[in-house]
2 protein chains.
Amino acid sequence: MPGSSTAYSNLEKRFARLSALSGAAAILHWDSATIMPSGGSDARAEQLAALSLLSHEILNKPEVADLLEQAKSETANLNDWQLANLTEMRNRWRHATAVDPDLVEAHSHATSRCEMEWREARINNDFDTLIPSLKEVVHLTGRIAEAKSAAFGMSPYDALLDEYEPGCTAAMIDPLFNDLQAFLPNFLGDVLDRNKNAPPILQPEGPFDETLQKQLGLEFMTALGFDFDHGRLDISHHPFTGGIPDDVRLTTRYETGDFTQSLMGTLHETGHALYEQGLPKEWRSQPVGAARGMALHESQSLLIEMQLSRSADFLAFAQPRIKAMFNGDGAAWEIENIERLYLKVEPGFIRVDADEVTYPLHVILRYQLEKALLSGDLVVEDLPAAWNKGMRDALGVNPPNDRLGCLQDIHWPSGAIGYFPTYTLGAMAAAQIYRAAAAEIPDLVENIRAGQFTSLVEWLRRNIHSLGSSQSTESIIQAATGRPLNAHAFKAHLRDRYLT
Amino acid sequence: MPGSSTAYSNLEKRFARLSALSGAAAILHWDSATIMPSGGSDARAEQLAALSLLSHEILNKPEVADLLEQAKSETANLNDWQLANLTEMRNRWRHATAVDPDLVEAHSHATSRCEMEWREARINNDFDTLIPSLKEVVHLTGRIAEAKSAAFGMSPYDALLDEYEPGCTAAMIDPLFNDLQAFLPNFLGDVLDRNKNAPPILQPEGPFDETLQKQLGLEFMTALGFDFDHGRLDISHHPFTGGIPDDVRLTTRYETGDFTQSLMGTLHETGHALYEQGLPKEWRSQPVGAARGMALHESQSLLIEMQLSRSADFLAFAQPRIKAMFNGDGAAWEIENIERLYLKVEPGFIRVDADEVTYPLHVILRYQLEKALLSGDLVVEDLPAAWNKGMRDALGVNPPNDRLGCLQDIHWPSGAIGYFPTYTLGAMAAAQIYRAAAAEIPDLVENIRAGQFTSLVEWLRRNIHSLGSSQSTESIIQAATGRPLNAHAFKAHLRDRYLT
């Protein structure tokens, strides 16, 4: 073990400080999205900008480069976790230093402006006004991609992807997405055909008291093992999981007319939260202790939401509780109907409202479009037409306007190119990991039907959560499931659930 | 006006960053005290320590000393606010640089430890276990006082006082406190004599729903002009006003058996909050835009709570609303009883529960004891005996144990020596400022009885709040009231309220 005077231990101290700063920013971000009075937003933006700038300065100090260099000669004295930590440090450092600070600042201003304009443009269904600032964001994101591409020796798109899912490349994504693209449209047709003759799905009648909805969410979170000594459930306009592993702040929103979305939303975020709470405690302040990447993160939320919570076994446990909480009565509350409610498949315009069958088609379209935007094959002005054509081809629906089309997501206005694929990589990983868990855990079905999730969550802790970033996503999935990530389990899951 | 390349404008940028960091810390501190799950406390301590350390580093950079020196040659180009800002910058800088960083760190660790031990010691009523760590805190605080004393050319106690109430000295406090000490014991005797023959005060019977108590607090905060676009009301164990001027987070606590304390507590904090919200908007990120000091801050909370809200005129407005909110009925709810409830005078053991007549005697005792602790005339081991003797002499009560005695306050364990006097300076200032306002505002009584507080709050904005730290406390009080701070108005107020 290295003593306190080594380059490595010096780096650990610096990264612990960075972790404290990013943790502070995470709580402040959560606060802005949940409880901050509107008049606090300018001051909050200044606070977050100061924290971000300071972090950037700490990482960009020449000593950090020197220490990373020196630490190379200390590797014989480092254990596996420390070695992995050093790799993660180096990865963060190279992302922070690959780009000229002026470009970082220009990009940050451009995305702030574009996000603001996007909010207006979306409300007003007015893509044209967004064109200049979105072009600027795409242009500057492209320059960042080029700078990183040169520094990392990978393609510009891969260099962006690397920030969200380290080590992932378009070459890895393409065959997976091609597989899904070959499968999903026909499969979707079969499901829709089959559903044609099914009886109508009944919507339980509200209103559903917010307090009761929250109580139900808390009940299921508790059953799943969410640790309320290290986290909270609150309300925000866009549900998310924020905070830090020791203090996970997850949010949902309640509609009094429909409890179903909020409940699954809460369970989805609980999947993210369990990952955070399960990260290795002794590495909390270090890069190696962080969640591996966005794909694996999404795999944990989708495993809880899609694989577990929408399953017939889970609903056998959940439906009596849901019914009792809302004092439900009648056919709409019967388990068969609740199950069909939660497994409804229908092509639509909006990604975040999509079911698990159509969702990947939304993502693949965005993946193709953002690669084309980055390469220059598609110009921003042509985005609406390309979007709408893509939606017709993939899902057979024709967005009646850009609000229901290319204006629906904040990702591109905020400069996040390379993020979208992680949603569907996560969906595939969720299916593959869940199948592996089910094969290894004795009595999983019985446990689930009895509301006992400890065996599942402990399996996830052991095989995924507690590994932090000590291994690559690929090796984590390989070790947990016995094979590399592929579309097989996801397709099998869809067939089992929707066509048998 | 200085251009962007001057030393002054460079300093403004650095202090804006410091303001963002301290604002971030203020929100995180509020979060810890209100909604943070218990398991988040270690990580939060790391976050706050990182922010504090970074601020210290920013202020201690050699460039800051150089810039402050260079700025001296630019003063001809600076307006009054900029000049005052420069003075405030220099004051913060000298507090930050007067003390050796190792001493700052040792002090910080000693106070953290002592605060923790104090919580236990207080619960267990066990002063002895606290002695070693409290001795250490007193010792290190003394070393800080000596370092600042040498650097600032003032006495060690004054050097500590300067941090809470810049410019204030023991030489200014002594005559004021002597005046009160000569007056209060006899006055208290007269009040108690007079009250002997009064009918008993009736306690309205609860329980009082927390939601209704909160609603009542919000109603009065709104009437007083609290801006909810720039602030919130929440719950904490120890009520306080936190956050930043653009986002004031005030807290209270509710007892279902007694609404009276929470209501006045909320109004007290609203006084602090109105000061924060009324600070000059264009100087928000600079030292000159901050509240002047703790004495003036307390004057604003006590003006709203003691001068205004416990007055017969305010209660004429408030009592019908209180009664209606809780659906009160009977003699306990009549205005005469509510008024007597809010003006009860009774010597007691606990400072925070004390009425405005006995409160200064609690403070003066602490002022004398902390000066003796700092000078070495009193050793920590002898504190309980000295405390109890002081309580007998000042208030005629004999604390039955240290929990009701010298263990009640967190100030000394947290290293805050020099803070206590500001409470009573604030009480005196509140009376003096309120009298001045009443003399200048036409129809103030009628306004108050009608629940119209705009005239009062605007007067406070103009004469106190909007001045920020652009002038000294002395000149603000002199300008607002026509005379230096003295005990006259406070004594007259007590006579008017309790003996006429």
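The figures here come from the full heavy-atom set of this structure, side chains too, leaving out hydrogens, waters and symmetry mates. Protein chains get the first letters and strands the later ones, always in sequence-line order, with residue 1 at the start of each.
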ask   = So does R232(B) pair up with D31(A), basic N to acidic O under 4.0 Å?
value = no

ask   = Can you say whether R44(B) sits under 4.5 Å from chain A via the side chain, the backbone, both, or neither, judging by heavy atoms?
value = side chain

message = To check you understand the geometry: which heavy-atom pair defines the closest contact between G40(A) and H230(B), and what is its length?
response = N-CD2, 4.4 Å

task = Name the option with the most non-hydrogen atom pairs under 4.5 Å to chain B; the candidates are A43(A), S38(A), A49(A).
result = S38(A)

remark   = Highest number of heavy-atom pairs under 4.5 Å with chain A among L53(B), L51(B), D246(B), V248(B) belongs to D246(B)

task = Take R284(B) and E46(A) through the test side chain to side chain contact (heavy atoms under 4.5 Å, CB included) and record every step on the way to the result.
result = CA-CA 12 Å; R284(B) 281 284 147 96; E46(A) 292 299 325; over 6 Å; no

query = Tell me, side chain or backbone of I35(B) under 4.5 Å from chain A's heavy atoms, or both, or neither?
reply = both

request  = Taking the side chain as every heavy atom from C-beta outward, state whether L21(B) and L54(A) have any atom pair closer than 4.5 Å.
outcome  = yes

inquiry  = Between Q277(A) and chain B, with a heavy-atom cut-off of 4.5 Å, which part of the residue counts as in contact: side chain, backbone, both or neither?
reply    = neither

note = To the nearest 0.5 Å, atom CG of D42(A) lies from atom OG of S285(B) at 12.0 Å

key: For chain B, the option from D234(A), D229(A), D227(A) that forms the most heavy-atom pairs under 4.5 Å   = D229(A)

ask   = How many angstroms lie between CD in Q47(A) and OG in S22(B), if you round to the nearest 0.5 Å?
value = 8.5 Å

More than 12 heavy atoms from other groups under 6.0 Å of NE2 on H238(B) = yes

Neighbour count above 12 (heavy atom, 6.0 Å) for R113(A) CZ = no

query = Any idea which heavy atoms bring R17(B) and E57(A) closest together, and the distance?
reply = NH2-OE2, 2.8 Å

query = Hey, are the side chains of P37(A) and D247(B) touching, using non-hydrogen atoms and a 4.5 Å cut-off?
reply = yes

